[in-house]
Amino acid sequence: MNIGIIGSGFTGSMHAGLYAKIHGAVLKGITSRTNVSAMETAQKYAVFCYADYKEMLDDDSLDVIDICTPTVTHASIAAECMRRGKHVILEFPAVSNLSELNDLQNISLQTGKTCALAYYSRFQSQYSYLFDAAFTGSLGKINGVSISRKSSAVFATDDIVNNLMSQDIDFMVRLLGRPDKIHASHSKQEQAVIVFEYGGLSAVIEGAVNMHDNFPFTTRHCVSGTDGSISLFWKFTNHPEYVMTQTSKEGAKNIVTEDYDPYQRELELIIEGLASENISAFDLNSAAAGIETAFECRSLLK
């Protein structure tokens, strides 16, 4: 699959380096708004620097456009790419509102081109282990879910749900489905707590960007069931670290999963899936319920 990248900031530059490691992926070029950093990235990986993304779309050799621009630009660029016959990869968060989601779903259906979502957490080994345990029944009937994501103000925005918590909402919806009722509160978009009701089950997601400056980026996931539970603590300073513990009626044990870069794994699986037309793990339809739930949460916090 021949790939072009739009956007040469942190994510675009990172993706350029990852494609060099991925079998079946050929990075052909990159572009950005000013093209200063795009030129540097193009030189580093010996690829073409397009004048702008319009020129990139004129390149008939490209199969996939990887969009690493600000979220507010995603929908318009992705729509144009698909209409020009390209698959697209959208970096998280995918869209700014539900209208954009619906438009992209319709355009994908009309053009036959996939809009793939780069939700790295879907492909993180620890999360995969947790889902396998839940879906195979080794935890029994799920009776509680708690998720916490905290960081310093480096991740602060005016939209804590979409920019910080939406991958956790995607996690919860994939695990439990759409909730019956949602309760949400926040403090100045610096801290938010969302409670999801599922009959007799409650799930809680907390997000905060008001930690001190040197606070590591951390997540905590706890999924409990009638026969056991799994707790996962993950943090990132200059490298990722985690501790995962599974309990059962027999006791507790530490879980060690395969260690790999989830950002590389997501791109590997997306490229493989696009090539084989096996897209159910990452296309818009796979995430629509989670995105819709996230925007419902956001509306409650206004």
Sequence neighbours excluded, every pair satisfying salt bridge (charged side-chain N to carboxylate O under 4.0 Å, His left out) that has a member inside residues 79-99: Lys54-Glu80, Asp58-Arg84

Any side-chain heavy atom of [X] within less than 4.5 Å of one from [Y]?
X: Ile182; Y: Leu300; value: yes
X: Phe171; Y: Leu130; value: yes
X: Val223; Y: Leu139; value: yes
X: Gln126; Y: His221; value: no
X: Ile271; Y: Tyr19; value: yes
X: Trp234; Y: Gln124; value: yes
X: Ser32; Y: Ser37; value: yes
X: Thr69; Y: His74; value: yes

Who passes side chain to side chain donor-acceptor pair (under 3.5 Å) against [X], sequence neighbours left out?
X: Gln246; value: Tyr129
X: Tyr242; value: Thr257
X: Gln264; value: Glu268
X: Asn278; value: none

Salt-bridge criterion met for Asp227 and Lys249 (N-O under 4.0 Å): yes

Of all pairs that satisfy side chain to side chain donor-acceptor pair (under 3.5 Å), the ones with a partner from residues 166-188, not counting sequence neighbours: Ser121-Gln167, Arg122-Asp170, Arg149-Asp168, Asp170-Arg174, Arg178-Glu292, Arg178-Thr293, His183-Glu197

Any pair counted as side chain to side chain donor-acceptor pair (under 3.5 Å), so long as it reaches residues 100-111, sequence neighbours left out: Gln105-Asn285

Sub-6.0 Å ring centroid separation between Tyr263 and His15: no

Criterion side chain to side chain donor-acceptor pair (under 3.5 Å) on Ser152 and Asp213, from CA distance to verdict: CA-CA 5 Å; Ser152 68; Asp213 289 345; 5.6 Å; no

Hydrophobic cluster partners of [X] (side-chain heavy atoms under 4.5 Å):
X: Leu101; answer: Ile6, Phe48, Tyr50, Tyr53, Met56, Leu57, Leu62, Ile65, Ile67, Ile77, Met82, Val88, Leu90, Phe92, Val95, Leu98, Leu104, Ile107, Leu117, Tyr119, Leu284, Ile291, Phe295
X: Met39; answer: none
X: Met211; answer: Phe215

Going hydrophobic residue to hydrophobic residue with side-chain gaps under 4.5 angstrom, can you get from [X] over to [Y]?
X: Phe10; Y: Ile89; value: yes
X: Leu269; Y: Leu18; value: yes
X: Met244; Y: Phe135; value: yes

Nearest-0.5 Å distance that lies between atom SG in Cys222 and atom CG in Leu232: 10.0 Å

Verdict with reasoning, Asp59 to Ser61, per side chain to side chain donor-acceptor pair (under 3.5 Å): CA-CA 5 Å; Asp59 187 342; Ser61 73; 2.6 Å; yes

Heavy atoms of other groups near His23 NE2, more than 12 under 6.0 Å: no

Cation-aromatic face contact Arg265/Phe123, 6.0 Å, 45 degrees: no

Donor-acceptor under 3.5 Å (Ser138 side chain, Ala133 main chain): yes

Set of side chain to side chain contact (heavy atoms under 4.5 Å, CB included) partners for Ala252, sequence neighbours left out: Thr245, Thr247

With Arg220 via side chain to side chain contact (heavy atoms under 4.5 Å, CB included) - residues at least two apart: Ser148, Phe233

Among Asn210, Val161, Asn163, Ile160, the one residue meeting side-chain contact (heavy atoms from CB on, under 4.5 Å) with Gln189: Ile160

For Pro93 against Asn162, the heavy-atom pair lying closest together: CB-O, 3.4 Å

Atom of Met172, atom of Ala203 and distance for their closest heavy-atom approach: SD-CB, 3.8 Å

Candidate pair Phe282 and Leu274, rule side chain to side chain contact (heavy atoms under 4.5 Å, CB included), full reasoning: CA-CA 10 Å; Phe282 53 74; Leu274 290 174; 4.2 Å; yes

Distance-only donor-acceptor check, side chains Thr31 and Asp52, under 3.5 Å: no

